[in-house]
Amino acid sequence: MTWDALVVGGGPAGSATAARLAADGWRVLLLDRAEFPRRKPCGECVNPAGVEALRRLGVLDTVLASGAAPLDGWRIAAGDEASFVGRFPDGVRGLGVPRERLDALLLDHARAAGVEVRTGIKVSDLLRDADDRVRGVAAGGEEIPARIVVGADGLRSVVLRRLGLLARPPRLRKLALTAHVRGLDGLRGCGQLRARGRGCVGVAEVGGGLANVTVVVPGARAEEVSGDRAGYFDAMLRRYGLDGAARVDDVLATGPFDYPARRAVADGALLVGDAAGYYDPFTGQGIYRALRGAELAAGTIGAALRARDTSAAALMPYHHAHRRAFADGERLQRIVEAFVSRPALLRWAAGRFTRRPALGDAIIRATGDVRPPRSLLRPGLVAQLVL
Ligand SMILES: Cc1cc2nc3c(=O)[nH]c(=O)nc-3n(C[C@H](O)[C@H](O)[C@H](O)COP(=O)(O)OP(=O)(O)OC[C@H]3O[C@@H](n4cnc5c(N)ncnc54)[C@H](O)[C@@H]3O)c2cc1C
């Protein structure tokens, strides 16, 4: 049997794309190499625009009922000297939720929509016809044909690489260590980012008395970490002043993150979520981009399947919509990263933001996708930053 759509990866991008296509009546197969529930290295904060995307998908009530923690804003600290708080507008919230729970709920939602989900199956290659057009995947010793293959297989996507669409190897060399901890009371709906030197740590409640702690380490220190990542992580809890924190699970490691894609479409294939290009996790926009990308992808794929044309040309509307939706956010990520990786610059900015609270709110709202990044260019705000 030839599937209408074969989705590689059951993270937020894959589950949401598959669910939307199946709800429209297409025959959809989703493959993931992992067994669910599975953990995923992530700060586990869904920004406010991501929360709205969960609502549009029809899963927000289920996610809230699972015990997700509300997130009203962020406190950013540069060393011990300067810190500021940025808040989302009244009535607008993000959520902290463990990925093992969120991703399992999204996958269940896809199953309920009619998607056939097969886990524990790794996709190793793409199948192509005589014209080099993608016509399915090779997975677990089987050849599985499909009218379109959706690469939603995250960072280091095999679909992206087999399509030859990886723009270049990663330049930004960083490593992240993630685990859950108990004993961090007093966050009260406000996430924290603490930068020291060229490293930083993010902390946010994820419900059930747990907080996610994600330590970002410059690539130059990767060797130091690799010998004993749990020991390194526990030492960082103390270095960043998180003394009351007690780790409750294993430390996950990932990096680098910087995998740009040249294009998000090819003949018979399309990329969504991290597989369509990723830069840096600091601004916490990835889950929103995965869910919003799924909305854009499902619209274009549905039209292409109906027209019986899944060529790259027919899928280009998705590529353009993807660029329009995320290009400004990517520029903002690069600016934020430039500050975070230069301690003196970050201290200067944090000092400014402390004295001018409107600046803190504006940057947190832009990175939370509540306001467009261009809102930061309002003359009044720019004047507050530079004068
Ligand atoms: C350190 C760190 C912190 C982050 N913090 C945040 C945050 O707080 N908020 C936020 O919004 N974003 C955050 N992000 C980004 C976010 O995690 C991603 O953007 C998001 O998970 C992307 O979803 P996805 O569905 O594209 O990919 P993923 O969630 O990575 O899912 C990909 C799936 O594909 C499967 N897969 C991979 N290869 C194959 C294969 N060959 N065959 C079959 N299956 C395969 C994997 O098992 C996985 O289930 C962070 C990222 C990092 C690295």
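For Arg168, the CZ atom is densely surrounded, since the number of other residues' heavy atoms within 6.0 Å is greater than 12. No more than 12 heavy atoms of other residues, nucleotides or ligands shown are found within 6.0 angstrom of CG on Asp90. Taking a 6.0 Å sphere around CZ of Arg118, one finds it holds more than 12 heavy atoms contributed by other residues, nucleotides or ligands. Other residues, nucleotides and ligands contribute over 12 non-hydrogen atoms within 6.0 Å of the CD atom of Glu35.
No continuous path of hydrophobic side-chain contacts links Leu155 to Tyr279 [ILVMFWY only; heavy atoms under 4.5 Å]. Phe88 and Val46 fall into different hydrophobic clusters, where Ile, Leu, Val, Met, Phe, Trp and Tyr are joined by side-chain heavy atoms under 4.5 Å apart, directly or via other members. In this structure, Trp74 is a member of the same hydrophobic cluster as Leu346, with clusters built from ILVMFWY side-chain heavy atoms closer than 4.5 Å. Grouping the Ile, Leu, Val, Met, Phe, Trp and Tyr side chains by contacts below 4.5 angstrom, directly or via other members, places Met1 with Val8. Connection of Leu242 to Met236 is established within a shared hydrophobic cluster, with ILVMFWY side chains joined at heavy-atom distances below 4.5 Å, either directly or through further cluster members.
To the nearest 0.5 Å, atom CG of residue Leu271 and atom CZ of residue Arg262 are 11.0 Å apart. Leu193 CG to Ile76 CD1: the interatomic distance, rounded to the nearest 0.5 Å, is 4.0 Å.
For the salt bridge (Lys or Arg N to Asp or Glu O under 4.0 Å) test, no residue two or more places apart in sequence or in another chain qualifies with Arg173. Residues satisfying the ring-ring contact (aromatic ring centres under 6.0 Å, His included) criterion with Tyr318, sequence neighbours excluded, are His322.
Contact check on Asp280 versus Lys174 returns a salt bridge, with a Lys/Arg side-chain nitrogen under 4.0 Å from an Asp/Glu carboxylate oxygen. Salt bridge status for Arg27 with Asp4: present, with a side-chain N to carboxylate O gap under 4.0 Å. Salt bridge annotation for Arg39-Asp249: present, with a cationic side-chain nitrogen under 4.0 angstrom from a carboxylate oxygen.
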| task | Test Arg196 against Asp80 for salt bridge (Lys or Arg N to Asp or Glu O under 4.0 Å), laying out the working first. | result | CA-CA 8 Å; Arg196 257 175 214 279; Asp80 294 323; 2.8 Å; yes
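Panel note: side chain Thr367, backbone Ile363; a donor-acceptor pair is recorded below 3.5 Å. A donor-acceptor pair is defined here as one N or O able to donate and one able to accept, closer than 3.5 Å; no such pair exists between the side chain of Arg263 and the backbone of Leu165. Panel note: side chain Arg342, backbone Ala344; no donor-acceptor pair is recorded below 3.5 Å. A donor-acceptor pair under 3.5 Å is absent between the side-chain atoms of Arg292 and the main chain of Ala325, judged by distance alone. In this structure, the side chain of Asp72 does not engage the main chain of Cys190 through any donor-acceptor pair within 3.5 Å. Within the 3.5 Å criterion, the main-chain N or O of Cys200 finds a donor-acceptor partner in the side chain of Tyr240.
Put simply, the side chain of His109 does not reach to within 4.5 Å of the side chain of Ser15, judged on heavy atoms.
Both tests pass for Arg289 against the ring of Phe326: distance under 6.0 Å to the centre and angle within 45° of the axis.
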Show the atom names and distances, to 0.1 Å, of all donor-acceptor pairs under 3.5 Å that link a side chain in residues 126-138 to residues at least two apart or in another chain.
from   : atom 1 : to     : atom 2 : distance (Å)
Arg128 : NH1    : Asp132 : O      : 2.9
Arg128 : NH2    : Arg162 : O      : 3.0
Asp129 : OD1    : Asp131 : N      : 3.0
Asp129 : OD1    : Asp132 : N      : 3.3
Asp129 : OD1    : Arg133 : N      : 3.0
Arg133 : NH2    : Arg147 : O      : 3.3
Arg133 : NH2    : Thr310 : OG1    : 2.2
Arg135 : NE     : Arg128 : O      : 3.4

